[in-house]
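Structure first, then comments.
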2 protein chains.
Amino acid sequence: MTRRPAWREVHDEALRRIQSREWTPGALIPGEAALADELGHARATVNRALRELAEAGLLERRRKAGTRVALAPQRRARLSIPLIREEVEARGARHAHGLLSRRSAPMPEPVRLALGLAPDTPTERVETLHLADGRPYAHELRWVNLAAVPGFAEAPLDTISANEWLVRHAPFDRGTLDYAAAGADAGLAGLLGCAEGAPLMVLERATHGPAAPVTWVRLSYAPGFRLHMDI
Amino acid sequence: MTRRPAWREVHDEALRRIQSREWTPGALIPGEAALADELGHARATVNRALRELAEAGLLERRRKAGTRVALAPQRRARLSIPLIREEVEARGARHAHGLLSRRSAPMPEPVRLALGLAPDTPTERVETLHLADGRPYAHELRWVNLAAVPGFAEAPLDTISANEWLVRHAPFDRGTLDYAAAGADAGLAGLLGCAEGAPLMVLERATHGPAAPVTWVRLSYAPGFRLHMDI
DNA sequence: AATTATTTGTGCGTATGTATC
DNA sequence: GGATACATACGCACAAATAAT
């Protein structure tokens with residue numbers, strides 16, 4: 001029996017008042033102390049509930065000014081970024097990957113600048129094809145900063161994908177993520193089994209570790225890919 | 001003087017230990033009580049810090065089992081979903097919109113099913129073109145469940161976009177969001193000023209209010225659109 | 001421009017609940 | 001069942017920010 005936490009009661013009651021327009025957008029709601037008194041809970045409990053609602057974007061809180069219902073409730077979706085293998089397996093398919101090429105190579109200028117690396121940094125270029133149930137799922141083109149991940153040169157990328165190896169061995173803390181639509185060029189069309197020019201979802205990700213930039217990757221998904229989120 | 005909250009000290013120290021591999025992935029970390037003692041804080045303070053790290057996906061906590069460093073630190077990006085107007089203005093452009101068409105019409109079957117509505121629900125179909133600095137930015141095709149939003153039939157959609165009107169007048173609480181790549185058909189190509197078949201980012205969103213489904217919308221962005229996130 | 005009052009933010013000590021080993 | 005570790009809750013206190021004076 002999982003009991004319903006008290007702060008959730010407060011949370012839900014506040015949410016109800018927001019959605020029922022009992023508290024209208026932009027309006028000042030009662031203070032924590034008043035709510036605690038009214039709902040019969042400690043102020044800390046009310047605080048926890050209102051803090052969650054503020055993090056969700058439904059309330060705006062400022063000291064002394066009080067708590068207001070957000071005017072334009074900015075919804076934030078939480079997009080979790082799984083390993084490709086898990087992404088594939090979550091769709092009920094079997095994942096496999098093939099290492100297409102792997103070599104020392106300097107980054108192209110735009111990639112180097114996106115990561116903020118010096119011109120002569122030694123980097124490795126890796127190209128991988130990911131399969132779901134034997135069919136092409138996504139093409140991965142990746143550059144790795146060898147200085148940031150010393151062991152990478154010896155990583156057995158035929159057994160474990162670069163993606164997965166890096167997640168396990170290179171601690172990272174921030175980065176950027178971009179999704180865009182692009183037409184398949186001849187090479188991609190051949191690898192992914194689609195027509196040249198077919199619209200593809202493309203993910204570009206730059207990853208930085210606590211000390212140095214780690215990797216840059218472009219994933220081109222086979223046609224049919226959808227990025228799905230619940231709000 | 002903005003003081004650094006104590007729970008942040010604990011948070012950062014724990015993060016440091018994770019990133020420095022002092023606490024290795026999968027390993028059990030000391031209990032709350034031990035950490036509180038070691039770092040000189042109350043257990044509640046440590047709890048707050050570890051809770052944040054768990055929400056960020058870096059730790060996994062289970063009663064009695066203790067707290068472990070996540071094996072594959074699932075990073076979660078927070079994608080905020082702004083009004084199109086704000087999205088355009090954030091890029092430093094001026095937003096305008098043109099109402100292309102508006103009429104009562106039944107939803108196509110797939111849309112109706114995605115929203116979970118009965119066959120004869122009265123709905124309105126709205127088509128809008130969004131402009132950034134006078135150039136096409138996105139095409140919007142929308143169906144609205146009139147039963148859920150009674151006032152919508154009278155909304156002045158030439159002055160305020162349907163998007164914005166609904167955010168202000170129709171409280172919603174959950175929904176789904178899908179991004180995909182699609183080729184421009186002849187109609188879209190004309191409206192967005194691109195070649196037929198050009199790869200476009202397409203957003204499909206289903207929105208439910210607390211009581212009933214509210215709206216379904218497909219946004220087709222003009223070429224060049226990128227969905228950007230920081231992790 | 002300085003002061004005060006108010007409201008949220010944080011922190012502690014303690015107690016109890018709950019899941020799970 | 002018992003023990004353990006996290007989860008929640010309360011009451012109190014003080015800090016920080018800032019609207020109001």
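Residue numbering restarts at 1 for every chain, and letters A, B, ... go by the order of the sequence lines.
- With hydrogens and angles ignored, the 3.5 Å screen pairs no side-chain donor or acceptor of B:Asp230 with any backbone N or O of A:Thr176.
- Both A:Lys64 and A:Ala42 lie near DNA chain D, and the one whose nearest nucleotide falls closer to the 5' end is A:Ala42.
- Under 4.0 Å is where a charged nitrogen must lie from a carboxylate oxygen, and between A:Glu127 and A:Arg102 no such pair does.
- For B:Asn47, no side-chain nitrogen or oxygen approaches OP1 or OP2 of D:dC6 to under 4.0 Å.
- The nearest whole Å value for the distance from the CZ atom in A:Arg61 to the C1' atom in C:dT6 is 14 Å.
- Rounded to whole angstrom, the span from the CG atom of B:Leu35 across to the C1' atom of D:dC6 amounts to 13 Å.
- Not a single donor-acceptor pair under 3.5 Å links the side chain of B:His11 to the backbone N or O of B:Val46.
- Distance from the side chain of B:Pro5 is smallest for C:dT10 among the nucleotides D:dC10, C:dT10, C:dG9.
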Item to check | Working for salt bridge (Lys or Arg N to Asp or Glu O under 4.0 Å), residues B:Arg16 and B:Glu22 | outcome: CA-CA 8 Å; B:Arg16 188 191 66 73; B:Glu22 196 172 325; 3.5 Å; yes

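- The CD-P distance, from A:Glu52 to C:dT8, rounds to 17 Å in whole Å.
- Note on B:Arg48: only backbone sugar-phosphate atoms sit closer than 4.0 angstrom, heavy atoms only; bases stay farther off.
- Residue A:Arg62 contributes atom CZ, which lies 9 Å from atom C1' of D:dA19 at whole-angstrom precision.
- Among the protein residues, A:Arg43 comes within range of the nucleic acid bases, having at least one heavy atom under 4.0 Å from a base atom.
- In this structure, A:Leu50 atom CG and C:dT7 atom C1' are separated by 12 Å, rounded to whole Å.
- Closest to the side chain of B:Arg63, out of C:dG9, D:dA7, C:dT20, is D:dA7.
- Applying the 4.0 Å criterion to OP1 and OP2 of C:dC12, one finds that B:Thr45 has a side-chain N or O inside that range.
- The closest side-chain donor-acceptor pair between A:Tyr137 and A:Glu87 falls under 3.5 angstrom.
- Nearest-nucleotide assignment on DNA chain C puts the 5′-proximal partner with A:Ala65, out of A:Ala65 and A:Ala44.
- Checking the phosphate oxygens (OP1, OP2) of C:dT8, a side-chain nitrogen or oxygen of A:Thr67 falls inside 4.0 Å.
- One can place CG of B:Asp37 at 14 Å from P of C:dT14, the figure rounded to the nearest angstrom.
- Computed from coordinates, the A:Glu32 CD to D:dA16 C1' distance equals 14 Å when rounded to whole Å.
- The interatomic distance linking B:Ile29 (CD1) with D:dC6 (C1') rounds to 11 Å, in whole Å.
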